[in-house]
Each structure stands twice: as C-alpha cells, then as structure tokens.
Chemist: 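Following this message is one structure expressed as structure tokens.
In what follows, chains are A, B, ... by sequence order, proteins preceding strands, each numbered from 1. Here the structure is a predicted model, which is why all the values come from computation and not from measurement.
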Amino acid sequence: MDKIVCTCGNVNPAGTELCESCGRPLNDETKEKKIVDMRYEGSARRSQTYNKTIIDKVWNFFSSVKVGMWIIVAILVAAAIGTILPQVFYVPATNETDIAAYYERIYGTFGTLYYQLGLSDLYSSWWFQGLVGMLGISLVIASLDRVIPLYKSLKKQKTKRHISFLKRQRVYGIGKADVSEESLLKAEEKLKELKYNVKREGNAILAERGRFSRWGPYVNHLGLIIFLFGVMLRALPGFYVDETMWLREGETLYVPETHGYFLESKEFIYETYSKEESKEVYGEAIDRVGTIAKNYQTDVALYKGPEGAVAGHTEDLTFEKEASIQVNKPIKFDNFSVFQMDFRLDELATMTFQLQDKQTQQSFGEFTIDLADPQPIYELNDGYKVEVMDYYADFTGFEEGVPQSQSPLPNNPAFLIKMYSPEFPKGETSFVMIKETVEPLGENQHKIAFQSVETRDVSGLTVRKDLTLPLLALGGLIFMIGVAQGAYWNHRRIWIQLLEDGQTVIAAHTNKNWLSVKRDLDKVTDVAHLPKYLDQQDIDSLEEKVDKVEGV
Amino acid sequence: MAQSKKQRFYMRTAILAVLVVAIVFTVYSNLNKEKNAVLQVGDKAPDFVLVDMDGTERRLSDYKGQGVFLNFWGTWCKPCAKEMPAMDNQYAEFTDKGVQTLAINIGESDLKVNSFLNRYGLTFPIAIDRNKSVMESYNIDPLPTTFLVNPEGKIEKIIKGEMTEEDIANFMDQIKPS
C-alpha cells in the first residue's frame with residue numbers, strides 16, 4: 001500500500017481515485033469512466049484501503065454504510081416487534097409467574113411465546129441495546145472514515161484542474177469560443193454576483209458555493225451520537241430516576257431516590273364536570289358516559305430531612321413548601337419532579353364502633369380505630385373498655401384457627417377484641433369482621449356494633465429526574481441543524497479554463513439540484529460568451545445505461 | 001509509512017475500545033438496574049437509625065466491628081413469619097459471637113408488630129420503618145429480603161425469599177468478626 005504520486009506532483013493516500021490537487025484520475029477503472037464519482041471527491045475512504053489486522057476488519061465492517069443501513073433496518077424491525085403486544089412495563093403484574101400467566105391468559109399461545117422469547121421486555125434486552133450500540137459505533141466510524149478524507153481533498157483542491165478531471169464532470173463543455181481575458185473577468189464578476197466564492201489562478205477559475213452543506217451529514221451524525229450518549233448516561237446512577245409511590249392522605253413518606261425529601265399528602269381532590277357548568281361542551285358526553293374528570297389533584301407539603309441525616313430519621317424535618325400537584329403540573333425540587341399519575345378513592349381510614357348489649361342494644365360508649373395505627377386499649381365510660389388484641393388489615397379467613405391477612409392494606413379489616421365490663425372483668429372475646437362477628441370462646445353478652453367509617457384517598461405519584469434532557473435536546477438540535485445544512489444548501493462548483501490550445505472548457509458539479517447549477521452556468525455563459533455545455537448523463541442515458549453507481 | 005500504519009492501528013484500537021467499553025457498560029448496568037437497583041454486594045450498607053419496639057435507638061453504623069443480620073419483613077408475609085422463630089434461635093446463638101440481628105418491619109402499626117412478636121415470642125430487636133425510607137434506600141423487593149452486613153459495614157450478601165434455620169446459621173457464621 002503505497003502512496004500515489006500524481007503527475008502534477010501531489011502525493012495522494014493509497015486508494016485515492018482522483019488526485020486531491022489537480023483531479024486527474026489515478027487508476028484505470030476511474031480512467032475508463034465517462035463521468036467520475038464525485039461523492040467523496042474521489043478521496044480514499046480509509047476503510048476501503050487497509051484490511052489487515054482484526055482491528056482493521058472490525059473497523060471496515062462498521063465503516064460500511066451498507067452495514068449501517070442493515071443495523072438500522074434490524075433496529076426498526078425489532079422495535080416494531082416490541083409494539084405487537086404490550087411490554088412488561090404496562091402489564092398489571094409484578095412477579096415473573098403472574099406476568100407469564102397474564103400473557104398466556106390474554107394473548108394465548110402467541111402471548112406465551114412472546115413472553116418466553118423475551119420480546120415482552122425487548123427494549124431493555126441486552127441484544128436490543130447492543131444493536132443500538134452497534135449503530136453508535138457505525139455512526140462514529142463511518143463518519144470519521146468519510147469526513148476526514150473529504151475535508152482534506154476539498155481543502156487541497158486546486159483552482160486549476162486537469163482536463164481529464166473536467167471532461168469527466170457531468171456538466172461539461174468545450175469549444176473554440178471567442179473568449180478573452182475580459183470575458184473571464186466578466187465571468188468572475190457574474191459568479192461573485194451569484195454569491196460564489198471565486199478563485200483565479202492564471203487562466204483558470206474555480207467558483208464554489210455552499211461547501212458547508214457537505215458537512216451536513218456529519219453534523220447530523222454528531223447530533224445522533226450526542227443523543228445516544230445522553231441515553232447512555234441514563235444508566236449511570238444520579239442521572240435518571242423514574243419511581244412511583246403511593247401516598248395516603250395524612251401520610252408522610254420518603255420520596256424514593258431523593259436523598260432526604262419527604263412528601264405529606266394533605267388532600268387528594270377528584271373533580272368531575274357538572275352538567276350545569278358545562279352543558280354545551282360536555283353535556284352530551286356526560287349523558288353518554290356518566291362522568292367526565294375535570295381535575296386530579298394532590299395537595300402536598302414537602303419536607304427535607306436534616307443535612308447528612310441517615311435513613312429512618314423521622315424527626316427534625318424542615319418544611320420546604322406546599323404545592324398542589326395536578327396532571328402535568330408537578331411539584332419541582334432539586335431536579336426532581338413529582339407528577340400526579342394515579343389514584344385510589346376511599347380506602348378505609350378509620351372505623352367507629354359501639355360497645356353494646358346484645359339484647360337491649362344499649363350502648364356503653366363509642367370508640368374510633370385508626371386503621372393505620374390501632375391502639376391496644378380504648379377506655380369507655382363506667383368501667384367499660386375494649387382491648388384490641390390483634391388486627392388483620394386484609395383478612396382472608398382462618399388457617400388452622402389462625403386469622404390470616406394477605407396484605408397490610410385495609411381492604412377487609414378484622415379485629416380480635418376483648419370487651420371488658422363490670423359483669424365480665426376478665427373480658428369477653430369477639431372476632432369482629434365487616435358485617436359479621438365470631439365469638440370464638442362462647443356466647444357473649446356484649447357486642448361490638450359497627451357505626452361508621454371514614455375513608456381517605458390514595459395518590460399515585462411518579463418521581464422523575466432526568467439530567468440527560470439538556471443533552472438530548474442538544475443532540476436533537478445538532479441533528480436538525482445537520483439535516484437542514486445538507487438539505488437546504490448544496491455544494492456547487494463551476495470550473496472555467498482557457499486552455500493553451502485556445503479552447504475554453506467549462507465544467508460544473510453539484511451534490512444535488514443540478515438544475516440550479518445549470519441555471520447559474522447559463523447566466524455566466526450569457527455574459528461571458530462561453531462555449532455550450534452538455535449534461536453528459538443525459539447523453540449517457542440516451543445511449544446506454546452503462547453507468548453503474550459504485551457501491552458504498 | 002510503517003509509523004503511520006502503526007499509528008492508525010493504535011488509533012482505531014483506541015476508538016473501538018472506548019466505544020465498546022461504553023456500550024458494554026451501558027448494557028450491563030441497565031440489565032443490573034432492573035434486577036437490583038443501586039445496592040450490590042460489596043457496597044457500603046446505607047446507614048439508618050430506627051427506634052426498636054423497646055424504645056432503643058438502633059443505628060447501623062453503631063454496629064461497626066460486628067456482623068449485622070438485617071432482615072426486612074411484614075406481618076402479612078407468610079415466609080417471613082416462618083423464618084422468624086429460626087432467626088430468633090440463631091440470634092441467641094450468635095449475639096455473643098458478634099453477630100447482631102435486626103428485623104425491620106415495613107411501615108405497619110405498633111399494635112400489629114407487638115402482637116406478632118408476642119405470638120412468636122421473639123427476643124431480637126425489631127424496628128418499624130414508618131416512612132419507608134430505610135426500605136427505599138435498601139430497595140426492598142420482595143419480602144422477606146435479608147442483607148448480610150459484614151464487620152466492615154459492607155454488604156456481604158443479599159438474600160431474597162425465605163431461609164431455613166440452617167441457612168440462617170451459615171449466613172450468620174459468614175459475617176462473624178474474626
């Protein structure tokens with residue numbers, strides 16, 4: 001692999017097709033072509049020149065745009081497959097068996113297969129993330145391999161190019177026109193007027209415009225890489241938090257991942273539109289579906305634990321602020337946002353009972369049990385008292401005589417209670433459930449009579465923190481700048497040369513929008529009386545379709 | 001020429017290495033994050049302070065130099081109830097050998113926890129994590145989950161699910177100060 005020395009004296013890297021300086025074709029294949037491939041200025045894409053070590057081979061693999069395309073296709077297909085059934089994240093089950101059962105129950109055999117193949121958690125699978133990573137590698141390497149040689153050859157290009165380069169341009173014309181120094185000056189002036197960057201070297205003119213549009217794709221890739229880097233940062237601790245918490249009215253809980261913040265729910269508010277207030281807008285809909293939600297809101301107070309306090313610390317919380325969290329109006333603190341996401345209405349909070357005589361229904365006093373913190377003893381009047389021996393929040397029945405509770409949530413509260421009265425100083429035992437009472441140790445004279453309940457609402461909140469957002473926005477912005485740069489501008493070049501034999505050559509190249517460069521050229525030839533040009537591709541396609549675009 | 005080829009080789013190797021490391025790291029940490037966010041074996045056990053049912057303040061860092069058998073539980077959780085008497089036996093066995101036992105209840109009421117420990121006659125310290133901050137900092141799921149904290153205050157092992165008495169004895173032995 002030696003460097004190629006061109007007749008003009010320029011030393012080109014191995015693999016170069018067109019001399020960086022004068023544009024002479026450097027290999028036979030290029031020489032045989034009627035029109036040269038200008039995509040990378042005939043520069044040596046380094047990926048195609050060395051292929052020796054393993055590293056080179058891996059490098060070349062990722063440098064290929066074809067490979068990059070297939071990676072994109074693979075990601076697209078995989079991402080599409082992930083949308084066929086809901087992902088695990090959206091399935092109302094938390095453990096493996098429940099999730100598997102869910103897929104089978106709802107989607108049958110296909111669901112089971114989907115789950116077993118791991119497609120139900122596709123986006124966090126190692127292979128999907130690996131594919132995205134490979135796309136990242138491909139972006140970096142393919143860009144590096146192209147942008148560097150392209151930059152070099154655009155920088156090195158000479159104003160005066162060899163005739164063998166010019167005649168292989170798509171737009172080309174030659175003729176013994178009546179061209180003098182004066183008309184060259186006129187051409188120069190016109191080109192400047194057309195906002196070209198004009199260079200003159202002897203009898204040669206190079207007019208160039210919009211070269212920066214050639215960097216569009218690479219700017220675009222840079223944006224993508226920044227974006228992917230931002231996504232990558234989410235894996236690092238401290239950059240990204242997405243947690244949920246259930247907060248009951250009156251409860252103060254630690255906010256997950258926040259290192260020392262606590263939220264107290266003052267009230268949950270659920271409002272619906274009334275027919276009177278919005279007859280015009282929602283009247284029909286209310287008739288049809290019953291209720292239409294107007295507001296979901298949790299009024300909270302935010303507290304901060306003392307600096308450097310360890311978990312479990314419940315005292316010395318300092319009040320930070322109060323806020324009403326509504327949908328899309330989170331409470332914000334310290335880069336965290338807490339959003340209103342869900343709710344449960346009317347969870348049992350307190351239950352009020354009376355101690356009564358079973359026969360006469362005479363009351364010996366009332367007591368209220370706070371289900372979050374039941375007390376062992378409730379003293380009533382005249383020597384009557386009630387002892388709560390045990391409490392079952394979510395009572396499911398007896399197992400070998402022992403009452404069972406399946407969760408700590410007060411879905412079906414039951415109490416083991418001893419009733420003390422002057423007649424029964426040793427107490428009567430009663431097992432009190434909703435709408436039912438069991439007397440395990442024989443007939444009682446007294447009973448616990450249910451009076452009323454108070455309920456409270458539960459707010460489902462989402463805790464979010466995303467420090468990668470600015471980076472993602474930056475990546476997106478750069479991406480769009482790159483797109484615009486490459487799409488709305490184009491790189492046009494016009495060469496005009498007076499040859500020694502008295503002929504005049506004109507040639508033009510653009511990376512897109514050939515009509516406009518031809519129009520520019522028309523204006524210049526009109527003023528400067530240059531020879532007529534032809535679009536050689538048009539002629540070609542008329543004659544035969546030989547031209548095969550070289551694969552990338 | 002040879003020089004530049006070598007340079008290119010090193011350049012390419014370096015770029016590829018950086019990219020591959022970044023990707024492997026991302027995929028690896030994403031996979032781990034789902035299984036067990038934040039805490040891993042070898043990490044420092046997050047400090048906490050809780051008041052136990054006897055009113056004694058229990059602070060994890062006060063146990064430095066001793067092993068701590070840290071168990072998270074709830075009264076409704078059946079495997080928790082099953083392993084607790086066994087834990088109590090082993091607590092009696094190991095407490096003089098420098099292994100302390102601490103059971104943390106997830107936010108239930110005093111009454112419920114008291115009735116539970118009276119029923120099973122438990123003697124080791126039990127504390128209630130009322131605002132669930134200890135649970136959050138240890139990222140507990142499911143119950144029971146047990147953390148073995150070694151005398152240096154580092155997490156030696158994380159056990160999810162029920163343990164037999166033999167397991168418990170082995171685990172306690174594992175964090176015995178030498």
Chemist: OH of A:Tyr123: more than 12 outside heavy atoms within 6.0 angstrom?
Modeler: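 Buried by this count: over 12 neighbours within 6.0 Å.
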
Chemist: Just checking A:Trp127: does its CH2 atom have more than 12 heavy atoms from other residues, nucleotides or ligands closer to it than 6.0 angstrom?
Modeler: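 Yes - once you tally the heavy atoms of other residues, nucleotides and ligands closer than 6.0 Å, there are more than 12.
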
Chemist: Can you name the closest pair of heavy atoms from A:Asn60 and B:Arg12 and give their distance?
Modeler: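 Closest heavy-atom pair between A:Asn60 and B:Arg12: OD1-NH1, 4.1 Å.
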
Chemist: Tell me the closest heavy-atom pair linking B:Ser109 and A:Ala372, and the distance in Å.
Modeler: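 So the minimum-distance heavy-atom pair works out to CB-O, 3.4 Å.
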
Chemist: Where does B:Phe116 contact chain A at under 4.5 Å (heavy atoms): side chain, backbone, both or neither?
Modeler: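 Neither part, no heavy atoms under 4.5 Å.
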
Chemist: Can you tell which of B:Leu50, B:Leu16, B:Asp110, B:Asp129 has the highest number of heavy-atom pairs within less than 4.5 Å of chain A?
Modeler: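 Looking at each option in turn, the highest pair count goes to B:Leu16.
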
Chemist: Please check if the number of heavy atoms outside A:Phe227 that lie under 6.0 Å from its CZ is greater than 12.
Modeler: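 For A:Phe227, atom CZ is not crowded (no more than 12 foreign heavy atoms under 6.0 Å).
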
Chemist: So which of A:Gly136, A:Gly260, A:Gly133 has the biggest tally of heavy-atom pairs under 4.5 Å with chain B?
Modeler: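 Going by pairs under 4.5 Å, I would pick A:Gly133.
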
Chemist: Counting only non-hydrogen atoms closer than 4.5 Å, does A:Ile141 touch chain B with its backbone (N, CA, C, O), its side chain (CB onward), both, or neither?
Modeler: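 Just the side chain, heavy atoms under 4.5 Å.
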
Chemist: Hey, does the side chain of B:Lys132 reach the backbone of A:Leu253 with a donor-acceptor pair shorter than 3.5 angstrom?
Modeler: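 It does not hold such a pair.
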
Chemist: Between A:Met245 and chain B, with a heavy-atom cut-off of 4.5 Å, which part of the residue counts as in contact: side chain, backbone, both or neither?
Modeler: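 For A:Met245, neither part sits under 4.5 Å from chain B.
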
Chemist: For the OG1 atom of A:Thr258 and the CD atom of B:Glu136, what is their distance to the nearest 0.5 Å?
Modeler: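 One finds 8.5 Å between OG1 of A:Thr258 and CD of B:Glu136.
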
Chemist: Applying a heavy-atom distance below 4.5 Å, give me the residues of residues 59-95 of chain B that approach chain A, sorted by number.
Modeler: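 Expected list: B:Arg59, B:Trp76, B:Lys78.
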
Chemist: Can you find a pair of side-chain heavy atoms, one from B:Ile15 and one from A:Leu144, that are under 4.5 Å apart?
Modeler: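 Yes - at least one pair of side-chain heavy atoms lies under 4.5 Å apart.
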
Chemist: Against chain B, label A:Val132 side chain, backbone, both or neither, depending on which of its atoms sit under 4.5 Å from a heavy atom there.
Modeler: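 No part of A:Val132 comes within 4.5 Å of chain B.
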
Chemist: Quick one, B:Lys112 and A:Asp390 - any side-chain contact, counting heavy atoms below 4.5 Å?
Modeler: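 Yes, side chains in contact.
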
Chemist: Provide the closest heavy-atom pair for B:Ser115 versus A:Met389 in the form atom of the first, atom of the second, distance.
Modeler: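 Taking every non-hydrogen atom into account, CB-O, 3.6 Å.
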
Chemist: With a 4.5 Å heavy-atom cut-off, do B:Val134 and A:Tyr254 have their side chains touching?
Modeler: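 SC-SC contact between B:Val134 and A:Tyr254 ruled out.
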
Chemist: Heavy-atom cut-off 4.5 Å, strictly under: side chain, backbone, both or neither for A:Glu251 against chain B?
Modeler: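 It is neither, since no heavy atom gets under 4.5 Å.
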
Chemist: Which atoms of A:Glu264 are under 4.5 Å from chain B, going by heavy atoms: the side chain, the backbone, both sets, or neither?
Modeler: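 Neither; nothing under 4.5 Å.
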
Chemist: Heavy-atom distances under 4.5 Å only: say whether A:Val402 touches chain B with side chain, backbone, both or neither.
Modeler: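 Only the side chain of A:Val402 comes within 4.5 Å of chain B.
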
Chemist: What's the spacing between A:Arg234 CZ and B:Ser29 OG if we round to 0.5 Å?
Modeler: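 So the gap between those two atoms works out to 13.5 Å.
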
Chemist: Would you mind telling me which of A:Val58, A:Ile137, A:Ile54, A:Asp373 has the largest number of heavy-atom pairs within less than 4.5 Å of chain B?
Modeler: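 Maximum pair count with chain B is reached by A:Ile137.
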
Chemist: Is the closest side-chain heavy-atom distance between B:Asn131 and A:Thr252 below 4.5 Å?
Modeler: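 Side chain of B:Asn131 against side chain of A:Thr252, heavy atoms only: no contact under 4.5 Å found.
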
Chemist: Taking all heavy atoms of B:Leu111 and all of A:Pro374, pick out the closest pair and write down the distance.
Modeler: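 The answer is CB-O, 3.4 Å.
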
Chemist: Which bit of B:Ala22 comes within less than 4.5 Å of chain A, counting heavy atoms only: side chain, backbone, both or neither?
Modeler: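 Contact with chain A involves both backbone and side-chain atoms of B:Ala22.
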
Chemist: Does any backbone or side-chain atom of A:Phe229 lie under 4.5 Å from a heavy atom of chain B? Answer side chain, backbone, both or neither.
Modeler: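 Neither the backbone nor the side chain of A:Phe229 comes within 4.5 Å of chain B.
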
